[in-house]
Amino acid sequence: MTVFLNGKFLPESQAHVSVLDRGFIFGDGIYEVIPVYGGKLFRFTEHLSRLQNSLDAIRITNPLSSAEWEKMLTELIHLNNDGDQSLYLQITRGSAKRDHAIPENPTPTVFAMCNELKPLAAEIISEGVAAITIDDIRWSRCHIKATSLLPNILLRQEALDQGAAEAILIRDGQATEGAASNLFAVIDGIITTPPKGPMLLPGITRDLVLELAKNNGLSCQEKTISLAELQQADEIWLTSSTKEILSVTQLDGQPIKNGKPGPLYQRLLTLYQDYKQTLRNQPQKQP
Ligand code: PDD
């Protein structure tokens, strides 16, 4: 695997970061995960704009221009054989003597790598997944895509320990999102997702699902979802760049309606696959 680190494309085994890097010491950094279909970056402008918001929120100056990001990432994808990939990029504040205070002129560390992006298993699409609900133990700046993900890791692991695929997080009686995904519920026939704000990550997949639903005449709303509403929902979905749209068919061990993915899920998944196909059919950009 070829990765990008601080201006160079390198074999992964030769890419090294200082032990004083604040990403290593403090988790002082932000990241993005961008899907790549047929070698092409998916919703690139949207991902780059969220990256900028995360950088601004933690006071790191963007080390690259939009054109430089696009050129570098396109080259990295190409060096890793194009196709479908999940592109991970991370910017940390760089290395400095350990001190909580932000160093004066740090040089950010810029890292990017590609991982295989596998299509969802047929069984997951036909049967859906199980989820648990659990107290949201994270901080109150969840809109920042920060690399410090310890709470998310513990929450996801709790779900896995209970035989579920994802943890749906509850704060003050309201469902916010998943440990690494956004949340949708079909309530009284309306596709509902919690509004953006500091308690959840503004997911790029979330926005696309809303856009596809609206463009195809399906009713949707951005509204808080209480735990009771979630338990009574006709359908529950989770969205993310790596899992696209998942149907939750069991919540805390109870089936959601008849325990099968619902009709609106199937509709949205088809619209999503069609959207991906249009990207695949576009001409390839040259690195
Ligand atoms: N996570 N909410 C959280 C907390 C997430 O970590 C993610 C994605 C999402 C969905 O955002 P998007 O649709 O832009 O992928 C929502 C990525 C995939 C990860 O951490 O690997």
Taking a hydrophobic cluster as the set of Ile, Leu, Val, Met, Phe, Trp and Tyr residues connected by side-chain heavy atoms closer than 4.5 Å, whether directly or through intermediates, do L64 and I60 fall within one such cluster? yes

Shortest non-hydrogen pair, M72 vs A112, comes out as CE-CB, 4.3 Å

Assess whether atom CG of D188 is packed by more than 12 heavy atoms of other residues, nucleotides or ligands within 6.0 Å. no

Under a 3.5 Å cutoff, is there a donor and acceptor pairing between the side chains of T109 and D21? yes

Are L279 and L76 connected into the same hydrophobic cluster when the rule is that any two of I, L, V, M, F, W, Y join if their side-chain heavy atoms are below 4.5 Å apart? no

R156 side-chain N/O to E166 backbone N/O, donor-acceptor pair under 3.5 Å: no

At what distance, to the nearest 0.5 angstrom, does NZ of K71 lie from CD of E75? 6.0 Å

Out of curiosity, S54 OG to D56 CG, how far, rounded to the nearest 0.5 Å? 9.0 Å

Under a 4.5 Å cut-off applied to non-hydrogen side-chain atoms, are R171 and C142 in contact? yes

Can you list everything that forms a side-chain contact (heavy atoms from CB on, under 4.5 Å) with T239? Sequence neighbours excluded, please. N182, F184, T205, R206, V209, I245

Nearest heavy-atom neighbours spanning E68 and P63: OE1-O, 4.4 Å

I91 vs L55 side-chain heavy atoms within contact, under 4.5 Å: yes

Distance, nearest 0.5 Å, that separates CZ of F44 from CG of L51: 9.0 Å

Please lay out, stage by stage, how F4 and F111 fare under the test ring pair (Phe, Tyr, Trp, His ring centres under 6.0 Å). CA-CA 5 Å; F4 175 88; F111 171 64; 8.7 Å; no

Using a strict 4.0 Å threshold on nitrogen-to-oxygen distance, state whether D99 and K97 make a salt bridge. no

Would you check if P11 and M1 make a side-chain contact, meaning some heavy-atom pair closer than 4.5 Å? no

Is T192 close to I225 at the side-chain level, that is, under 4.5 Å between some pair of heavy atoms? yes

Search all heavy atoms of A15 against all heavy atoms of V3 and return the closest pair with its distance. CB-CG2, 3.6 Å

Minimum-distance pair of heavy atoms, taken over all atoms of A167 and I134: CB-CG2, 3.7 Å

Between T147 and G27 (side chain of the first, backbone of the second, donor and acceptor by atom type, cut-off under 3.5 Å), is there such a pair? yes

I'd like to know if the side chain of R93 and the backbone of R59 have a donor-acceptor N/O pair within less than 3.5 Å. yes

Is any NZ, NE, NH1 or NH2 atom of the basic residue among R280 and D84 found under 4.0 Å from an Asp or Glu carboxylate oxygen of the other? yes

Where do K214 and L218 land on the side-chain contact (heavy atoms from CB on, under 4.5 Å) test, with the steps shown first? CA-CA 6 Å; K214 282 181 194 154; L218 302 171; over 6 Å; no

Take R43 and E211, measure what salt bridge (charged side-chain N to carboxylate O under 4.0 Å, His left out) needs, and give me the verdict at the end. CA-CA 12 Å; R43 303 285 274 193; E211 189 181 304; 2.8 Å; yes

Does I256 form a side-chain contact (heavy atoms from CB on, under 4.5 Å) with Q231? I'd like the steps, not just the answer. CA-CA 7 Å; I256 294 302; Q231 287 160 339; over 6 Å; no

Can L269 be reached from L212 by stepping across I, L, V, M, F, W or Y side chains whose heavy atoms are under 4.5 Å apart? yes

According to a hydrophobic-cluster definition based on side-chain heavy atoms being under 4.5 Å apart (Ile, Leu, Val, Met, Phe, Trp, Tyr only), do L5 and I77 belong together? no

Run the numbers on Y275 and F42 for ring pair (Phe, Tyr, Trp, His ring centres under 6.0 Å), then give the verdict. CA-CA 10 Å; Y275 186 92; F42 190 68; 5.7 Å; yes

Please step through side-chain contact (heavy atoms from CB on, under 4.5 Å) for the pair Q90 and I30, ending with a clear verdict. CA-CA 6 Å; Q90 164 172 330; I30 56 95; over 6 Å; no

NZ/K276: more than 12 non-hydrogen atoms of other groups inside 6.0 Å: yes

Using modelled atom types only, decide if a donor and an acceptor are shared between the side chain of S247 and the backbone of T249 within a distance under 3.5 Å. no

Looking only at the aromatic ring of each residue, does the gap between the centers of H100 and F26 stay below 6.0 angstrom? yes

Do other residues, nucleotides or ligands put more than 12 heavy atoms under 6.0 Å from the CZ atom of R141? no

Give a yes or no on whether a salt bridge exists between D207 and K196, defined as a side-chain N under 4.0 angstrom from a carboxylate O. yes

Are L210 and L201 in one and the same hydrophobic cluster, where Ile, Leu, Val, Met, Phe, Trp and Tyr link if side-chain heavy atoms are under 4.5 Å apart? no

Do you know which two heavy atoms are closest between S219 and G189, and how far apart they sit? OG-O, 4.0 Å

Any chance you could lay out the side-chain contact (heavy atoms from CB on, under 4.5 Å) test for Q162 and E158, step after step, and finish with the verdict? CA-CA 6 Å; Q162 294 188 34; E158 184 62 38; 3.0 Å; yes

Any ion pair linking R50 and E32 (charged N to carboxylate O, less than 4.0 Å)? yes

Would you give the length of the straight line joining atom CD1 of I190 to atom CG of L264, rounded to the nearest 0.5 angstrom? 11.0 Å

Flag the pair L238 / I168 as yes when at least one side-chain heavy-atom distance between them is below 4.5 Å, and no otherwise. yes

D172 CG: over 12 foreign heavy atoms closer than 6.0 Å: no

Side-chain donor-acceptor contact under 3.5 Å, T176 with D136: yes

Using the salt bridge (Lys or Arg N to Asp or Glu O under 4.0 Å) rule, collect all pairs that involve residues 111-131, keeping only residues at least two apart or in two chains. E127-K260

Spatial distance of atom OH (Y88) from atom CE (M113) [nearest 0.5 Å]: 6.0 Å

Candidate list H47, E244, Q85, test side chain to side chain contact (heavy atoms under 4.5 Å, CB included), partner P35, passing option: H47

Which heavy-atom pair separates I137 from P151 by the least distance, and what is that distance? CG1-CB, 4.1 Å

With a 4.5 Å limit on heavy-atom distance, are the side chains of N216 and R267 in contact? yes

Within-4.5 Å side-chain heavy-atom neighbours: L251 and T133: yes

Enter the distance from L154:CG to R138:CZ here, rounded to the nearest 0.5 Å. 12.5 Å

Minimum side-chain heavy-atom gap S140-M199 below 4.5 Å: yes

